[in-house]
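Scroll down for the structure; my scribbles are underneath it.
We name chains A, B, ... by the order of the sequence lines, and we start the count at 1 in each one.
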There are 2 protein chains.
Amino acid sequence: MAIFQRLAHGPMAVHELAALVPVSRPAVSQHLRVLKDAGLIRDSKEGTRRVYELDAAGIARLRAHFDQVWDKALSAFQSSAEKATPQNDKAGEKDDKRRQKRRHS
Amino acid sequence: MAIFQRLAHGPMAVHELAALVPVSRPAVSQHLRVLKDAGLIRDSKEGTRRVYELDAAGIARLRAHFDQVWDKALSAFQSSAEKATPQNDKAGEKDDKRRQKRRHS
DNA sequence: ACTTACCGTAAGCAATAACTTACGGTAAGT
DNA sequence: ACTTACCGTAAGTTATTGCTTACGGTAAGT
């Protein structure tokens, strides 16, 4: 996470990243590897260095996945809440705006 | 996660939940404890049973936190990407990058 | 060509997380 | 009162994660 947040400030090489976190350089490489496998970052060779940067598409994808989880949880929650108290289901519609889905690019 | 998603289908008692996941009942209890400490679920005594259900406010709170992370990452990424390609980057890019070779650390 | 700078991967180890069994405790049925 | 059903917690074990050191490999400077 700390590594990910650091990359949000701009592309960086591995040894620069390693200087900013309290772990060794190979450890940073390993973190970068899982982030890359997850599609959240990309890398490019630049001389003997290897520069990593965020991958906006991958981040958007993960974000959409989480949004789906939250939406499903919240909508199912309120439908079951209505079923539990069938007499007041009119009072349960107060959060219309929260159900409004976020628009992605 | 599997336990959380199950609770999205409606409130449930512990032993019911345990029947749906491939772990023992105490393990489910421990997971529920973590989720409760995180404010994502609530529990209510119902006879000898204990029924758990999602906590909409806690979920919304976590969702907001994640949204903030994504927003920060994507916006920072965009600004740095614009700065990296103000016009055509073939001309001066190599020089610029090489210049900060071992300035740090 | 050799040396330097950077990097990824493998192997081994320590810390942590996740699970199981065992136990005790409360509420309801008989 | 006893029994049954349900549950949380503690203790101990196993699996997973996260890190370090060690090594080899490529690109650039000399």
Would you kindly check whether a donor in the side chain of A:Gln30 faces an acceptor in the base of D:dT17, or vice versa, at under 3.5 angstrom? no
Between P of D:dT26 and NZ of A:Lys45, the distance in whole Å: 9 Å
Hey, are the side chains of B:Phe4 and B:Leu54 touching, using non-hydrogen atoms and a 4.5 Å cut-off? yes
Tell which nucleotide pairs with D:dG12, taking only Watson-Crick or G-U wobble pairs whose two distances are both under 3.5 angstrom. C:dC19
Taking 4.0 Å as the cut-off, does a side-chain nitrogen or oxygen of A:His15 come that near to OP1 or OP2 on C:dC7? yes
If you compare every side-chain N and O of A:Tyr52 against the phosphate oxygens of C:dG8 (OP1, OP2), does one of them come in below 4.0 Å? yes
Any donor-acceptor pair under 3.5 Å from B:Gln68 side chain to B:His65 backbone: no
Can you identify which nucleotide, out of D:dT9, D:dG8, C:dC7, has its nearest atom closest to the B:Pro26 side chain? D:dT9
Whole-Å gap separating C1' (C:dA18) and CG (B:Leu35): 14 Å
When rounded to the nearest 0.5 angstrom, what distance separates NZ in B:Lys36 from OG in B:Ser29? 11.0 Å
Over all strands shown, is A:Arg25 touching base, sugar-phosphate only, or nothing at heavy-atom distances under 4.0 angstrom? base
What is the distance, to the nearest angstrom, from the CZ atom on A:Arg49 to the P atom on D:dG25? 23 Å
Is the distance from OP1 or OP2 of C:dA17 to the nearest side-chain N or O of B:His31 less than 4.0 Å? no
It should be established whether B:Ser24 places a side-chain nitrogen or oxygen under 4.0 Å from OP1 or OP2 of nucleotide C:dT20. yes
Specify the separation, in whole Å, of atom CD of B:Glu16 and atom P of D:dC6. 9 Å
Closest nucleotide among C:dT20, C:dA5, D:dT9 to the B:Ala27 side chain: C:dT20
Rounded to whole Å, CD of B:Glu46 lies from C1' of C:dT26 at a distance of 16 Å
My understanding is that a pair needs two contacts under 3.5 Å, Watson-Crick or G-U wobble. By that rule, which nucleotide pairs with C:dC6? D:dG25
Measure the distance from CD1 on A:Ile3 to P on D:dG18 and round it to the nearest whole Å. 11 Å
Measure from CG on A:Leu17 to P on C:dG8 and round the result to the nearest Å. 11 Å
Indicate whether OP1 or OP2 belonging to D:dT9 is found under 4.0 Å from a side-chain N or O atom of B:Arg33. yes
Rounding to an integer number of Å, can you tell me how far A:Asp43 CG sits from C:dC6 P? 17 Å
For B:Ala2, does its backbone N or O pair with a side-chain atom of B:Gln5 as donor and acceptor, under 3.5 Å? no
For C:dG12, the Watson-Crick or wobble partner whose two distances fall under 3.5 Å: D:dC19
Evaluate side chain to side chain contact (heavy atoms under 4.5 Å, CB included) for B:Asp43 paired with B:Val51, printing each intermediate quantity in order. CA-CA 6 Å; B:Asp43 63 324; B:Val51 178; over 6 Å; no
